[in-house]
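Predicted model only: the values in this text are computed from it and were never measured.
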Amino acid sequence: MERHISILGSTGSIGTQTLEVARHCGLPVAALTARRSIDLLEQQARQFHPQVAAVADQAAAAALARRLSDTPVQVLAGEEGILAAAALPQAGTVVTALVGIAGLGPTLAAIDAGKRIALANKETLVCAGPLVMARAKARGAEILPVDSEHSAIFQSLQGGKRGELRRILLTASGGPFYGYTRAQLDRVTPGDALKHPNWSMGAKVSIDSATLMNKGLELLEAMSLFDVSPEQIEILVHRESIVHSAVEYCDGSVLAQLGEADMRLPIQYALTYPHRVPGPARRLDLFTQNKLTFAPPDLETFPCLALAISAAKEGGTAPAILNGANEAAVAGFLSQRIGFLDIPRVVQAALEQVEREPLSLEAVHRADQRARTAAEMAMETLQAITKG
């Protein structure tokens, strides 16, 4: 409970909520990092007094150093600064809240330093799950999930032995477009897609939730975290976002974790495990819930999930290709270069074009870059067709 924490990506949605938990629970902060958002990072540094604040952007880091010159906070710059924050000796727990594959290197640095990892960066396990988990085992680093679904699975698994597990029941909200037809989806805008009905999340995760790609990425993450096959994971659309996920044991018993749609709860559990303490998360009132519903996902209307399941079954570098192309396609949609229904088209094009390699860290990075290149070409083609 007294271990210092480093927060990689402290100015994002998960990072700011982690600081709320730290303040409420009295957890000391050793390091904070951001890519370039120094206004908020300066406020955080002055409030939480970390030993280190790191900024990936060199110019922004220099500006932050000037601003914090009246404090003892050491400002580090560049990717090297982020890696140093991840391995900071004063920190016992590292919260990896960076977005995308950018979180892979810092997570590995924290693992190599033997830290407890509070993992909020699912792309790390999506792209290189077997490699990351093997490295964590070799270095004695503990990985605890921060995603609400994986935290729910982790908590539910404490009710039995791993050998007794039959399957994981991974819940999905269905996003803002549940029940839409493809004709309706053809007209949605980035603003529409960012309006999640239950959760407050960053832009990338919100779009992934709208396409159901997020659930595919979570399936891949769960495979590595809990050492299961894709066939052992069943996805259920649960619109109320009360049951955050469940596990079924060999005797037919199902254990689930329920709670409000409040990310501070799984964040706190990762930080205080194995203890439970009072925290800032909202309390669940079951009397206000009229019903809990469950339905299968619509893979035809939302093909991103089908693409992710296929990549999960293939393994190797296919998940890294899927992830890299999706990151590029989501950025293209947010900038209005392509439409909502073009996202799976771009991802599929990359999966069809990029050559597979045996899994290694170098192969993962090559697959990511080649997928982004293929995605850019696909988006240019789609734009040309639209203009034509």
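Contact record, Ala320 with Cys127: CA-SG, 3.9 Å, taken as the closest heavy-atom pair. The two residues Leu41 and Ala34 come nearest to each other via the heavy atoms CD2-CB, 4.0 Å. Between Leu76 and Ala84, the closest heavy-atom pair is CD1-CB, 3.8 Å. Scanning both residues, Ala350 and Ile321, for their nearest heavy atoms gives O-CG2, 3.7 Å. When every heavy atom of Ser245 is checked against every heavy atom of Ala152, the shortest pair comes out as N-CB, 3.6 Å. In this structure, Ser229 and Met223 approach most closely via the heavy-atom pair C-CG, 4.3 Å.
A donor-acceptor pair under 3.5 Å is formed between the side chain of Ser360 and the backbone N or O of Ala363. Side chain of Thr93 to main chain of Ile5: no donor-acceptor pair is present (N/O by atom type, distance under 3.5 Å, no hydrogens or angles). In this structure, the side chain of Asn121 engages the main chain of Thr124 through a donor-acceptor pair within 3.5 Å. Judged purely by atom type and a 3.5 angstrom limit, Ser156 uses its side chain to pair as donor or acceptor with the backbone of Leu255. For Thr171 (side chain) and His238 (main-chain N/O), no donor-acceptor pair under 3.5 Å exists by modelled atom type. Within the 3.5 Å criterion, the main-chain N or O of Val205 finds no donor-acceptor partner in the side chain of Ser209. Checked by atom type and distance alone, the side chain of Arg239 pairs as donor or acceptor with a backbone atom of Ser173 at under 3.5 Å. Listed for the Asp262 side chain is a donor-acceptor partner under 3.5 Å among the backbone atoms of Arg282. Within the 3.5 Å criterion, the main-chain N or O of Thr189 finds a donor-acceptor partner in the side chain of Asp192.
Within a 6.0 Å sphere centred on CG of Asn290, heavy atoms belonging to other residues, nucleotides or ligands number 12 at most. Under a cut-off of 6.0 angstrom, the local environment of CD in Gln158 is crowded, with over 12 non-hydrogen atoms contributed by other residues, nucleotides or ligands. Atom CD of Glu300 sits in a sparse spot, with 12 or fewer heavy atoms from other residues, nucleotides or ligands closer than 6.0 Å. Counting non-hydrogen atoms of neighbouring residues, nucleotides and ligands closer than 6.0 angstrom, the CG atom of Asp227 reaches no more than 12 such neighbours.
Here the CE atom belonging to Met263 is positioned 12.0 Å from the CD atom belonging to Glu20, to the nearest 0.5 angstrom. Atom CD of residue Glu123 and atom CG of residue Leu98 lie 10.0 Å apart, to the nearest 0.5 angstrom. Taking CG of Leu217 as the reference point, atom CG of Leu125 lies at 11.0 Å (rounded to 0.5 Å). Atom OH of Tyr249 sits about 11.5 Å away from atom NZ of Lys161, to the nearest 0.5 Å. For the atom pair CD1 of Ile343 and CD of Gln348, the computed distance is 14.0 Å after rounding to the nearest 0.5 Å.
Salt bridge annotation for Glu327-Lys204: absent, with no cationic side-chain nitrogen under 4.0 angstrom from a carboxylate oxygen. Between Glu248 and Arg167, at least one side-chain nitrogen of the basic residue sits less than 4.0 Å from a carboxylate oxygen of the acidic one, meeting the salt-bridge criterion. Between Arg35 and Asp57, no side-chain nitrogen of the basic residue sits less than 4.0 Å from a carboxylate oxygen of the acidic one, so the salt-bridge criterion is not met. In this structure, Arg283 does not pair ionically with Glu260, as no charged nitrogen and carboxylate oxygen lie closer than 4.0 Å. Between Lys137 and Glu142, no side-chain nitrogen of the basic residue sits less than 4.0 Å from a carboxylate oxygen of the acidic one, so the salt-bridge criterion is not met. A salt bridge links Glu376 with Arg337: at least one charged nitrogen is closer than 4.0 Å to a carboxylate oxygen. The existence of a salt bridge linking Glu221 and Lys215 is excluded, since no basic side-chain nitrogen approaches an acidic carboxylate oxygen closer than 4.0 Å. In this structure, Arg46 pairs ionically with Asp70, as a charged nitrogen and a carboxylate oxygen lie closer than 4.0 Å.
Checked options Thr18, Thr16, Leu32; the residue passing with Ser10 is Leu32 (criterion: side chain to side chain contact (heavy atoms under 4.5 Å, CB included)).
Between Phe340 and Phe177, a ring centre-to-centre spacing shorter than 6.0 Å is recorded.
Side chains of Val73 and Val52 form no contact here, defined as non-hydrogen atoms less than 4.5 Å apart.
Looking only at atom types and distance, the side chain of Gln17 has a donor-acceptor partner in the side chain of Ser13 under 3.5 Å away. Side-chain N/O atoms of Asn323 and Asp368 include no donor and acceptor closer than 3.5 Å. Thr293 and Glu240 share a side-chain donor-acceptor pair at under 3.5 Å. Side-chain N/O atoms of Arg276 and Gln155 include a donor and acceptor closer than 3.5 Å. For the residue pair Ser310 / Glu314, no side-chain donor-acceptor distance below 3.5 Å is found, with atom types taken as modelled. There is no side-chain donor-acceptor pair under 3.5 Å between Asp39 and Gln43.
Residues Tyr180 and Tyr178 do not share a hydrophobic cluster, clusters being chains of Ile/Leu/Val/Met/Phe/Trp/Tyr side chains in contact below 4.5 Å. Hydrophobic cluster membership is shared by Ile168 and Leu144, with clusters built from Ile, Leu, Val, Met, Phe, Trp and Tyr side chains linked at under 4.5 angstrom.
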Worksheet item: Going through the checks in order, is the salt bridge (Lys or Arg N to Asp or Glu O under 4.0 Å) test met by Glu357 and Arg366?
Response: CA-CA 9 Å; Glu357 295 184 66; Arg366 281 194 296 270; 2.7 Å; yes

Practice prompt. Give the intermediate values and the outcome of side chain to side chain contact (heavy atoms under 4.5 Å, CB included) for residues Leu64 and Arg66.
Written response: CA-CA 5 Å; Leu64 181 66; Arg66 290 191 293 270; over 6 Å; no

